[in-house]
Amino acid sequence: MPDTINPERVRMIAEAAGIPISAEAPARIARAVSPTVMRFAAEKLAIPLEVEPSTFILVQRGEIER
């Protein structure tokens, strides 16, 4: 996880997701989310996420146990 979120990264993520945003929005978004990202980075939290979404469905249906 990066220590800071910069406007260029926000712009690239929005572009890749096909979300139209105004020219000033990336800087505003970066300023808004950076404090939270910095807190997560400082705590060195590991948030486990399923890599493969179909596993979630199988667990949810009870077809496999975790």
Side-chain angles (χ1 to χ4, degrees):
M1 178 182 294
D3 292 337
T4 60
I5 302 296
N6 63 37
E8 179 61 17
R9 183 166 185 196
V10 172
R11 184 196 62 73
M12 289 175 18
I13 291 170
E15 186 178 291
I19 301 170
I21 57 176
S22 65
E24 66 278 350
R28 190 176 68 245
I29 293 167
R31 280 192 308 273
V33 301
S34 284
T36 303
V37 171
M38 295 292 285
R39 283 194 297 268
F40 273 103
E43 293 295 326
K44 298 188 181 355
L45 297 175
I47 302 172
L49 301 173
E50 284 295 331
V51 176
E52 205 249 306
S54 65
T55 304
F56 173 78
I57 299 297
L58 295 175
V59 170
Q60 189 177 33
R61 289 180 182 168
E63 295 175 22
I64 62 173
E65 291 184 26
R66 297 256 307 155

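Counting begins at 1 with the first residue of the sequence. All values derive from a computational prediction rather than experimental measurement.
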Fellow cluster residues of I19, listed by chain then number, with links counted only when side-chain atoms sit under 4.5 Å apart: I21

Any pair with a residue in residues 14-42 that passes salt bridge (charged side-chain N to carboxylate O under 4.0 Å, His left out), sequence neighbours left out, goes on the list, sorted by first then second residue, please. R11-E15

To the nearest 0.5 Å, what is the distance between CD1 (I5) and OG1 (T36)? 10.0 Å

Smallest heavy-atom separation, P26 atom then P7 atom, equals CB-O, 3.3 Å

